[in-house]
Participant: 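One structure, pasted below without further comment.
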There are 2 protein chains.
Amino acid sequence: MNGENNFFKSAFSVDNVIFGFDEGDLKVLLIKRGTDPYNGLWALPGDLVYPNEDLDTAAYRVLEELTGLKNVYLEQVHTFGAVNRHPLGRVITIAYFSLVKISDFALKAASFAQNVEWHNVESTMKTELAFDHNAILENCFNALTQRVRIRPVGFELLPPKFTLTELQHLYEALLREELDKRNFRKKILSTSLLIDLDQFQEGVPHRPAKLYQFNKQRYQQLEAHGFSFEVKESKKKEKKKRLAALISA
Amino acid sequence: MNGENNFFKSAFSVDNVIFGFDEGDLKVLLIKRGTDPYNGLWALPGDLVYPNEDLDTAAYRVLEELTGLKNVYLEQVHTFGAVNRHPLGRVITIAYFSLVKISDFALKAASFAQNVEWHNVESTMKTELAFDHNAILENCFNALTQRVRIRPVGFELLPPKFTLTELQHLYEALLREELDKRNFRKKILSTSLLIDLDQFQEGVPHRPAKLYQFNKQRYQQLEAHGFSFEVKESKKKEKKKRLAALISA
DNA sequence: ACAGGTTAGTGTTGTTCTTACGCCGATTTG
DNA sequence: CAAATCGGCGTAAGAACAACACTAACCTGT
C-alpha cells in the first residue's frame, strides 16, 4: 500500500444468506467454491459490488442471478470488515439475509448441478465455510430469529397457500421452541392476518386441513398505523432461564 | 473509471451517531463542517477507515478522537452505499450509534469551540445535515428505540448514580410514551438490575430521592443465561393504534 | 364396508401480568 | 411555620397466557 491512494485499494462485496424452509426444517443456500481461495469449501453466494451499483441493488442482483427470483424478501444485516477477512486484499462485505419459498425456486437449480445446494442450517453452522462465512451465517440466523418475533416475515418462507400446522411448524423451527396447537391457532387467527381460503389440502392420507393465505394488504395497513406484530418468548421458557440464572448466582 | 481496477476506486468510512441525554431530552453530537462539500452544514462525526484498521476500531477511534471517551457503548447499525451519496467519489459508510454520559464528556468539548455541539434529536431530524446524514440519524434513532426495549442500554446514558425519576424520564424520552410512576418503579425494581445505594440526592429544593446504580454484573449474568430484558409497548398505546387501523380499514 | 391409522379442529379454567388510580411525607425556601 | 415540590407507596379489576384431551374427517388396506 503506498501513499494517498491507500484508501482506494479496497473493495466491497455483498453476501447473501438465503433461507428456505422445507420438510420442517430451515435451510440455507450455499455454493461450492471452484477456485482459490477456499477452493472446494461451501460459501455464501456473493459478489463484488459494481462501481455504479447501490448496495441493495447488488444484493438483489446476486440473488436473482443465482435463483432467478425477483421480489423476494431481502434485508441488510451487518457489515463485516476485519482487516484480514479476505486473503487477497482488503474487502469488506455487507451481509444480507433473504427469505425464499423453496417451491418457487426449483427453476434454476438444475443448471448448477452440484455447485448449489440447500443445506440444513443447524448442521451448516457446525461446518467450516469459506472466508468468515460462519460468522456471517450465525449473525444472519440470529437476525432472522429476532425479526420473526417482530414482523410476520415467516410467511415469506411458505408457499402461498399453507395450513395452520405448517405455519406452526415453521414458527417452531424459527423460534426453537414447541408451541401449543390450540393456543397458537387462537393467537394467529386473532391477528386477522390470515385469509381463510375455504379450500382444503388434497392427496394427503388423512383429514385434509384448511388452506390459508397471508393477508399482506391487511398487514401493511396495520403496519402503516405503527401497529406491530409480536410473538413473545413463551413465559415457560423464560421462567426456566430465570431460574437457571438465579441458581448460578 | 477504467478497466479491472474499477472495483478499487472506492473507499469506506464510518459515521457515528453519538447520543446523550440531558435535561430530559435526547441529544446527538454534531460537527459543523469547515470544508467543502457541505461546508457550513452540521454533520455526523466520521472518518475514512484506515487500510489496516477494522471497522469497529475505526468507529472507536473516531469517537475517542472527538470525545476523549473510551469504553463507551457502540454498536454497528447499517451501511449506506448509494452510488451518489458522496459527491467526490464512491464512498460507502458504515453507521454506528453510541451512547455516552454527557457528564463524562465535558472534557474535550471546549477545545472545539463552536464546531462541536450537542443538538436536540427531534429538531435535528427536521434540519438539513451534510451528505445522507439525515437518513443515517433517523436509522440510528430507530435502532436505539428498538434496542432500548430489548436491552437495558438506557443506563449508558445516565450518570453512574441516578434516581428512579431520572430513569423514568429517560425511558419516556426514548419510548416516546408516558409511563405510570408506580408501575414503572415496580417493574424496574423487580428486575433486580438496580443497586440501592442508600444514598440521597443533595441540594435539591424538595425531598431528595434515593440514588441507584445499574447492576452490570447481574445483568451480564442474566444475559449469559439467555435471559432478556424487555420493555414492551404499553397495551394502552397498542390499543389506540389498533383502533386507528381498524377505523381506516 | 369396515377397522385402523393419521392429522385437523375445537373451549374452558386457573394463574399471572398489566393497568389504573390518589395520598401522605420529606425536604427546601421565603 | 406556611407553601411548594417531588418522592414513595398498595390494591383491585381486567386482560392475556398456559395447560390440557377429545371427537371429526379422511385415507388405506383388507
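All chains are named by letter (A, B, ...) in the order of the sequence lines, taking the proteins before the strands, and each is independently numbered beginning at 1. Small disclaimer: the values here were computed from a predicted structure and weren't measured. Quick note: numbers below take in every heavy atom, side chains included, and nothing from hydrogens, waters or symmetry partners.
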Participant: B/Thr163 near the nucleic acid: base, sugar-phosphate alone, or nothing, with a heavy-atom cut-off under 4.0 Å?
Facilitator: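 No contact at all - B/Thr163 keeps every heavy atom at 4.0 Å or more from the nucleic acid.
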Participant: Measure distances between side-chain N and O atoms of B/Lys186 and base N and O atoms of D/dT11, and say whether any donor-acceptor pair falls under 3.5 Å.
Facilitator: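 Indeed there is one.
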Participant: Using whole Å, report how far CD of A/Glu178 lies from C1' of D/dA18.
Facilitator: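 After rounding, the gap between these two atoms is 15 Å.
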Participant: Side chains of B/Gln168 and B/Glu172: any donor to acceptor distance under 3.5 Å?
Facilitator: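 Yes, side-chain donor-acceptor contact under 3.5 Å.
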Participant: Rounded to whole angstroms, how far apart are CD on B/Glu177 and C1' on C/dT18?
Facilitator: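 So the CD-C1' distance, B/Glu177 to C/dT18, works out to 13 Å.
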Participant: What integer distance in Å separates A/Phe184:CZ from D/dA16:C1'?
Facilitator: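 Answer to the nearest Å: 17 Å.
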Participant: For B/Lys187 and D/dC9, what is the distance between atoms NZ and C1' respectively, to the nearest whole Å?
Facilitator: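 Value for this atom pair: 19 Å.
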Participant: For B/Tyr212 and B/His206, find the nucleotide of DNA chain D closest to each by heavy atoms; which residue's nucleotide sits nearer the 5' end?
Facilitator: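 The residue mapped nearer the 5' terminus is B/His206.
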Participant: I need the single residue from A/Phe214, A/Phe155, A/Tyr171, A/Tyr212 that forms a ring pair (Phe, Tyr, Trp, His ring centres under 6.0 Å) with A/Phe162. Which is it?
Facilitator: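 Only one of A/Phe214, A/Phe155, A/Tyr171, A/Tyr212 forms a ring pair (Phe, Tyr, Trp, His ring centres under 6.0 Å) with A/Phe162, namely A/Phe155.
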Participant: CD of A/Glu202 versus P of C/dA8: gap in Å, rounded?
Facilitator: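 It is 16 Å, rounded to the nearest whole Å.
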Participant: Test for a donor-acceptor pair under 3.5 Å between the base of D/dC27 and the side chain of A/Arg207, counting only N and O atoms.
Facilitator: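 No, no donor-acceptor pair under 3.5 Å.
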Participant: On the 0 to 90° scale, with breaks at 30° and 60°, tag the B/Phe19-B/Phe97 ring pair as parallel, tilted or perpendicular.
Facilitator: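 Taking B/Phe97 first and then B/Phe19, their aromatic rings stand perpendicular (interplane angle over 60°).
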Participant: Is the phosphate of D/dG7, meaning OP1 or OP2, less than 4.0 Å from a side-chain N or O of B/Thr165?
Facilitator: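 Looking at the OP1 and OP2 atoms of D/dG7, one of them is under 4.0 Å from a side-chain N or O of B/Thr165.
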Participant: I'd like to check B/Trp42 versus B/His133 (side-chain heavy atoms, cut-off strictly below 4.5 Å). Are they in contact?
Facilitator: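 No, their side chains stay 4.5 Å or more apart.
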Participant: Compute the angle between the rotation axes at the two ends of the helix from C/dA1-D/dT30 to C/dG30-D/dC1, each taken over five pairs, rounded to 10 degrees.
Facilitator: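 The helix from C/dA1-D/dT30 to C/dG30-D/dC1 shows an end-to-end axis angle of 10°.
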Participant: Send over the distance from B/Asn183 CG to D/dG14 C1', rounded to a whole Å.
Facilitator: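 To the nearest whole Å, that distance equals 14 Å.
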Participant: Does the base of C/dC21 carry an N or O that pairs as donor and acceptor with the side chain of B/Arg182 under 3.5 Å?
Facilitator: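 Yes, the side chain and the base share a sub-3.5 Å donor-acceptor pair.
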Participant: Specify the separation, in whole Å, of atom CG of B/Leu179 and atom C1' of C/dC21.
Facilitator: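 That distance rounds to 16 Å.
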Participant: Is there a side-chain contact between A/Leu99 and A/Leu144 (heavy atoms, below 4.5 Å)?
Facilitator: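 Result yes, sub-4.5 Å side-chain heavy-atom pair found.
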Participant: So, under a plain 3.5 Å distance rule, would you say the side chain of B/Lys210 forms a donor-acceptor pair with the base of D/dG7?
Facilitator: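 Checked by distance alone, the answer is no.
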Participant: Atom NE2 in A/His78, atom CG in A/Asp15: separation rounded to 0.5 Å?
Facilitator: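 Atom-to-atom, A/His78:NE2 and A/Asp15:CG are 13.0 Å apart.
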Participant: What's the NZ-P distance between A/Lys181 and C/dA8, to the nearest Å?
Facilitator: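 That distance rounds to 6 Å.
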Participant: For the side chain of B/Pro208, counting heavy atoms from C-beta on, which of C/dG9, C/dT27, D/dG10 is nearest?
Facilitator: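 Of C/dG9, C/dT27, D/dG10, C/dT27 is nearest to the side chain of B/Pro208.
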Participant: Are A/Glu117 and A/Lys32 close enough, and set up right, to give a salt bridge (Lys or Arg N to Asp or Glu O under 4.0 Å), and what steps lead you there?
Facilitator: CA-CA 8 Å; A/Glu117 261 179 28; A/Lys32 193 180 222 161; over 6 Å; no
